[in-house]
Amino acid sequence: MTQKKKLIAGNWKMNGGLQANAALIHALREGLGAPACGVAVAVPAPYLAQVQALVAGSAIALAAQDVSQHEAGAFTGEASAAMLRDFGTRYVLVGHSERRQYHGETDAVVAAKAQRALAAGITPIVCVGETLEQREAGQTEEVVKRQLAAVIEINRDRIGDIVVAYEPVWAIGTGRTATPEQAQAVHAVLRGQLAAATEQAARIPLLYGGSMNATNAAELLAQPDIDGGLVGGASLKAPDFLQIIAAAHHCQA
Ligand code: PGA
């Protein structure tokens with residue numbers, strides 16, 4: 001349907017180190033050439049400055065993994081959107097399931113984070129997804145719609161500027177991927193929800209995440225409403241991440 005460029009974003013999570021980061025970005029730069037898709041890496045906050053320098057002049061965009069819902073002030077340990085922007089951050093993950101699960105982030109908090117990012121000129125990658133229990137109870141659609149609705153509600157005028165990542169929690173880091181049909185079905189629901197909120201729904205990138213790898217990426221990315229991937233484990237290995245990027249290229253049509 002849409003002819004937009006796909007986006008492949010790596011999520012390093014709490015992995016990496018000065019040497020490993022340099023080696024990984026170096027290998028990605030060597031292998032990338034001029035990619036036909038967008039490429040980003042979401043790095044741990046302490047490495048934003050390092051990776052900003054490492055990706056300078058390349059096609060790789062810098063992403064952060066979280067942002068504070070507050071503008072500034074007495075919030076020990078948090079980083080504001082303005083601080084992320086100071087390091088050339090182009091995207092920030094908000095509402096990753098690990099933040100929702102281990103840090104108690106509610107839909108309202110996630111929506112506020114997306115709002116802060118947008119206000120600072122950073123594109124939020126809003127993560128939504130159901131747990132295994134919720135899927136088995138037939139609640140998938142209801143859960144992802146509720147998560148996205150909170151973001152739409154307070155960002156209505158800017159909703160065309162977000163990225164959405166559908167990440168079924170049961171597929172994250174488990175090696176168990178949603179089938180292309182399962183993923184496409186949820187993406188179609190999300191697209192419909194966005195279409196009800198904005199005329200720009202067709203251009204909002206909808207990424208799939210959850211055990212995407214060099215083997216399954218092409219099939220997932222070939223689905224009409226899958227506009228890219230949010231890649232965890234496989235983004236830490238340059239050859240695998242490059243293969244996923246190549247698969248996105250292939251699906252460009
Ligand atoms: P995974 O992680 O690719 O390792 O499953 C995806 C994510 O959590 O963003």
Side-chain angles (χ1 to χ4, degrees), residues 6-16 20-21 24 28 37-45 47 51 60-67 89-105 110 113-114 117 122-132 134-135 140 143-144 147-148 151 162-180 182-184 186-187 190 205-221 223 226-248:
K6 295 208 187 274
L7 171 64
I8 303 296
N11 174 11
W12 291 2
K13 308 194 179 188
M14 200 171 74
N15 293 292
N21 302 345
L24 179 52
L28 291 177
C37 64
V39 177
V41 288
V43 310
Y47 298 124
V51 178
I60 305 169
L62 183 62
Q65 298 178 7
D66 185 31
V67 63
T89 300
R90 168 116 175 260
Y91 299 97
V92 62
L93 307 183
V94 299
H96 189 279
S97 65
E98 287 148 21
R99 302 287 321 168
R100 293 180 190 262
Q101 193 178 345
Y102 306 134
H103 301 272
E105 290 191 11
V110 174
K113 290 184 172 200
I122 298 173
T123 302
I125 300 178
V126 176
C127 304
V128 300
E130 81 288 1
T131 62
L132 186 58
Q134 290 166 331
R135 173 162 283 266
T140 298
V143 169
V144 299
Q147 292 172 334
L148 184 57
V151 176
I162 72 168
V163 173
V164 177
Y166 168 55
E167 297 203 304
V169 178
W170 48 272
I172 294 177
T174 58
R176 193 179 155 191
T177 323
T179 64
Q182 283 175 324
Q184 166 58 29
V186 177
H187 281 230
L190 296 171
L206 303 185
L207 315 184
Y208 168 79
S211 297
M212 185 181 268
N213 59 38
T215 310
N216 61 31
E219 231 191 337
L220 286 158
L221 294 168
Q223 299 301 310
I226 301 188
D227 306 314
L230 181 55
V231 185
S235 74
L236 297 171
K237 293 170 253 163
D240 295 50
F241 196 50
L242 286 167
Q243 267 195 60
I244 295 170
I245 291 164

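Ligands are counted one by one from 1 in listed order, and the atoms in each one are counted from 1 as well. If you read the sequence from its start, that first residue is 1, and numbering goes on from there. Every heavy atom of this structure was used, including side-chain atoms; hydrogens, water molecules and symmetry mates were not.
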**Student:** Which of the numbered atoms in ligand 1 are below 4.0 angstrom from a heavy atom of His96?
**Tutor:**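 Answer for ligand 1: 7 (C), 8 (O), 9 (O).
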**Student:** Hey, what's the ring geometry for His187 with Tyr208, parallel, tilted or perpendicular (30° and 60° as the breaks)?
**Tutor:**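 Ring orientation, 0 to 90° scale: tilted.
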**Student:** Could you tell me which atoms of ligand 1, counted from 1 in the order shown, lie closer than 4.0 angstrom to a heavy atom of Gly210?
**Tutor:**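 Contacts of ligand 1 toward Gly210, numbered from 1: 5 (O).
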**Student:** For atom 3 (O) of ligand 1, what's the nearest protein heavy-atom neighbour? Residue, atom name and distance, please.
**Tutor:**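 For this ligand atom, the closest protein heavy atom is Gly232 N, 2.8 Å.
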**Student:** Tell me, which protein residue and heavy-atom name are nearest atom 9 (O) of ligand 1, and how many Å apart are they?
**Tutor:**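 Ranking protein heavy atoms by distance from atom 9 (O) of ligand 1, first comes Glu167 OE2, 2.7 Å.
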**Student:** How about Arg135 and Thr140: do any of their side-chain heavy atoms sit closer than 4.5 Å?
**Tutor:**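 A side-chain contact under 4.5 Å exists here.
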**Student:** So if I count the atoms of ligand 1 from 1 in the order they appear, which ones are less than 4.0 Å from some heavy atom of Ala171?
**Tutor:**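 Selected atoms, number and element: 5 (O).
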**Student:** If the cut-off is 4.0 Å to any non-hydrogen atom of Gly233, which atoms of ligand 1 fall inside it?
**Tutor:**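 This gives 1 (P), 3 (O), 4 (O) as the contact atoms.
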**Student:** With backbone taken as N, CA, C and O and side chain as the heavy atoms from C-beta onward, which portion of Asn11 lies under 4.0 Å from ligand 1: side chain, backbone, both, or neither?
**Tutor:**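 For Asn11, the contact with ligand 1 is made by the side chain alone.
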**Student:** Less than 4.0 Å is my threshold; does some heavy atom of Gly173 fall inside it relative to ligand 1?
**Tutor:**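 Yes, Gly173 has a heavy atom closer than 4.0 Å to ligand 1.
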**Student:** For ligand 1, is Ala165 a contact, meaning one of its heavy atoms is under 4.0 Å away?
**Tutor:**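 So Ala165 does not count as touching ligand 1.
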**Student:** Could you tell me whether the side chain of Asn11 and the main chain of Gly232 form a donor-acceptor pair under 3.5 Å?
**Tutor:**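 Pair absent, no side-chain N/O of Asn11 close to backbone of Gly232.
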**Student:** Numbering the atoms of ligand 1 from 1, which are under 4.0 Å from a heavy atom of Lys13?
**Tutor:**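 Those of ligand 1 that fall under 4.0 Å from Lys13 are 2 (O), 7 (C), 8 (O).
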**Student:** Please check this pair: side chain of Gln147 against backbone of Gly129, looking for a donor-acceptor N/O pair closer than 3.5 Å.
**Tutor:**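 Judged by distance alone, yes, a pair lies under 3.5 Å.
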**Student:** Considering only heavy atoms of Ser211, which atoms of ligand 1 have at least one such atom less than 4.0 Å away?
**Tutor:**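 Every atom of ligand 1 under 4.0 Å from some heavy atom of Ser211: 1 (P), 3 (O), 5 (O).
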**Student:** Is atom CZ of Arg99 surrounded by more than 12 heavy atoms (other residues, nucleotides or ligands) closer than 6.0 Å?
**Tutor:**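 Yes, because the 6.0 Å sphere around CZ of Arg99 holds more than 12 heavy atoms from other groups.
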**Student:** Do Leu132 and Arg176 make a side-chain contact, defined as non-hydrogen atoms from C-beta onward lying under 4.5 Å apart?
**Tutor:**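 Leu132 reaches Arg176 side chain to side chain.
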**Student:** Lys113 versus Asp66: any side-chain heavy-atom pair under 4.5 Å?
**Tutor:**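 Yes. Closest side-chain heavy atoms under 4.5 Å.
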**Student:** Under 3.5 Å, side chain of Gln65 to main-chain N/O of Ala42, donor-acceptor pair present?
**Tutor:**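 Yes: the side chain of Gln65 pairs with the backbone of Ala42.
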